[in-house]
Amino acid sequence: MGQTIKVGLMGLGIVGTAFVQALSQYQSDEHLFSEKIIEVKKILVRHPERHPDIRSRLTTNARDILDDPEISVVVELMGGMEPARSLILEALKGGKAVMTANKEVVAQAGREIWEASRKARAAFYFEGAVGAGIPVIQGMRRGLTGNRVQSIAGVLNGTTNYILTRMTQEGLGFSEALREAQHQGYAEADPTDDIAGYDARRKIAILATVGFNTWVSPEDIQVDGIAGITQDDIAYGLSQGWVLKLIATARRQHDTMNIAVRPTFLPHNHPVAHVSGAYNAIWIEAEPVGNVMYYGMGAGGKPTASAILSDVLQSVRDLNGPYQEFWSIGRHPKLDASGNIRGMSYWRLEVVDRPGTLAQVADQLAKHGLSLRSVYQKPLLGGHALLFLVHHKCAEHLWRTAWTSIAQLPVVEHVGSPVAIWESEQEHSDH
Ligand SMILES: NC(=O)c1ccc[n+]([C@@H]2O[C@H](COP(=O)([O-])OP(=O)(O)OC[C@H]3O[C@@H](n4cnc5c(N)ncnc54)[C@H](OP(=O)(O)O)[C@@H]3O)[C@@H](O)[C@H]2O)c1
């Protein structure tokens, strides 16, 4: 009989249930579990009556897990900041290894949790917090050890990717695609967190923290969501050979890094442009490996349970050896929030279609030092027109100011959300 590792599980929802099921299903595989028996001893929930089949293991009191000396591993799958954060900290202080898929807690309180983990010499793993079962955290920390990561970019939110995919492939409008995503269970009743890009922002903060060995706070990251994207933007992109995705990017430049979440046009033949529906992908450029892409289902009980299972097994292996510092935080690179990052972007303007309109727009661009790469006009009914405009590379603070002043021109009825242009498309665009 092998050694029994006792686990305290906090949360028995979609992921918690899939984790318990996966554990019992694969427990008999000696190859996978190397003669260790992993037993979920206690499970914290709020409503035990919802789980009559395993009532004897349920508790509504977290102390039953935290104060049990037999429990050496805690799996937190409740979600949200509190009480998850406090319970994780307490478990670590008590010397228990902790696993979580909670991106909110990792992105917001990760630094404090990491400190507690280091002090107590107790492991803290969070593979499921980004990309569900896609092994990107372990992939970077172990598989790419020794590489210098230059950039991390990806589709990190399945809901927005589903919406944009349906808009691109079926020609749906934004509201129609959102309703469909809600109907299919991909989007919450209140989809703000996904649509505004906040979920992707937390995930890129976690990836940048791990990939660049530095602390990144999500609140410091510039974010533009997809609520303002229309079928006109999608169609314009396709006419240029571009596909629109919500892309989270973290790029290192010497001792600084720039991070953003923005709707982005990618060349249609780029591997990330083919990531459809609720799938996620993370594209990493590193030296000496070159380009690597991690791809898979970005949500769901089973994929996330896979990440938790892998973390638990990894921590069980660690229990027998010396404590290994997993997440080290250095002082560099630092986030560059100066707005000096150079890039190209696309804007859609609805304007009054009369002589001089284009000249007024061009005048504002010139005032802010922007030069046009291309402009295309589409007539609309009622004396209006759409202008699709792409400017050459310039500092972000310049184009953001120009965008705001153009939006205030009397001849401009509406300005759509700016869309970034993927890095490789920007070559030779410096003016
Ligand atoms: N679902 C996914 O596809 C997915 C993917 C990646 C990561 N994640 C992350 O995984 C975590 C769990 O997600 P989920 O979808 O499984 O959530 P869920 O279905 O809402 O389940 C949450 C569970 O936690 C329990 N719980 C919540 N607050 C509690 C509290 N204060 N005290 C005790 N128990 C509490 C709930 O108990 P009751 O039911 O009794 O109220 C429920 O069993 C979240 O951090 C989420 O962001 C989820």
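In what follows, residues are counted from 1 in the order of the sequence shown. No hydrogens, no waters, no symmetry mates; every other heavy atom, side chains included, goes into these values. In listed order, ligands and their atoms are each counted from 1.
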Q: Any nitrogen or oxygen of Gly128 lying under 3.5 Å from a nitrogen or oxygen in ligand 1? Just yes or no.
A: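 In this structure, Gly128 places no N or O atom under 3.5 Å from an N or O of ligand 1.
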Q: Can you find a side-chain donor-acceptor pair between Asn213 and Arg141 that sits under 3.5 Å?
A: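 The answer is yes; a qualifying pair exists.
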Q: Using a strict threshold of under 4.0 Å (side-chain N to carboxylate O), is an ion pair present between Arg118 and Glu115?
A: yes
Q: Report yes if Gly80 has an N/O atom closer than 3.5 Å to an N/O atom of ligand 1; otherwise report no.
A: no
Q: Which protein non-hydrogen atom lies closest to atom 45 (O) of ligand 1, naming both residue and atom, and how far is it?
A: Gly79 CA, 3.2 Å
Q: Would you call the rings of Tyr279 and Tyr295 parallel, tilted or perpendicular, where under 30° means parallel and over 60° means perpendicular?
A: parallel
Q: Taking NZ, NE, NH1 and NH2 as the nitrogens, is one of them in Arg57 or Glu39 under 4.0 Å from a carboxylate oxygen of the other?
A: no
Q: Which residue and atom name correspond to the protein heavy atom nearest atom 20 (O) of ligand 1, and how close is it?
A: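 Result: Met78 O, 5.0 Å.
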Q: So, His268 versus Trp242, ring centres under 6.0 angstrom or not?
A: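 Here the rings of Trp242 and His268 have centres that are no less than 6.0 Å from each other.
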Q: Does Ile14, backbone or side chain, put an N or O under 3.5 Å from an N or O of ligand 1?
A: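 Min N/O separation from ligand 1 is below 3.5 Å for Ile14.
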Q: Do NZ/NE/NH1/NH2 and the carboxylate oxygens of Asp232 and Arg348 come within less than 4.0 Å?
A: no
Q: Do His51 and ligand 1 have an N or O pair less than 3.5 Å apart?
A: no
Q: Taking N or O atoms only and a 3.5 Å limit, does Thr304 qualify as a polar contact for ligand 1?
A: no
Q: To which of Ala305, Ala101, Ala84, Ala62 does the heavy atom nearest atom 9 (C) of ligand 1 belong?
A: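 That would be Ala101.
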Q: So does Asp220 pair up with Arg201, basic N to acidic O under 4.0 Å?
A: no
Q: Fit a plane to each ring of Tyr236 and Tyr346, take the angle between them on a 0 to 90° scale, and name the class: parallel (under 30°), tilted (30 to 60°) or perpendicular (over 60°).
A: parallel
Q: Can an N or O of Gly300 be found at a distance shorter than 3.5 Å from an N or O of ligand 1?
A: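 Right, the criterion is met.
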Q: Below the 3.5 angstrom mark, is there an N/O of Gly13, backbone or side chain, next to an N/O of ligand 1?
A: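 Yes.
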Q: Tell me the protein heavy atom at minimum distance from atom 48 (C) of ligand 1, and give that distance in Å.
A: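 Checking every protein heavy atom, the shortest distance to atom 48 (C) of ligand 1 gives Val15 CG2, 3.6 Å.
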Q: What part of Lys103, side chain from CB on, backbone N/CA/C/O, both or neither, has a heavy atom under 4.0 Å from ligand 1?
A: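 The side chain, only.
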Q: Nearest to atom 12 (C) of ligand 1, what protein heavy atom do you find, and at what distance?
A: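 Answer for atom 12 (C) of ligand 1: Leu77 O, 3.3 Å.
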Q: Could you tell me whether Met10 approaches ligand 1 through its side chain, its backbone, both or neither, with non-hydrogen atoms closer than 4.0 Å?
A: neither
Q: State whether the side chain of His414 and the backbone N or O of Leu349 hold a donor-acceptor pair below 3.5 Å, judged by distance alone.
A: no
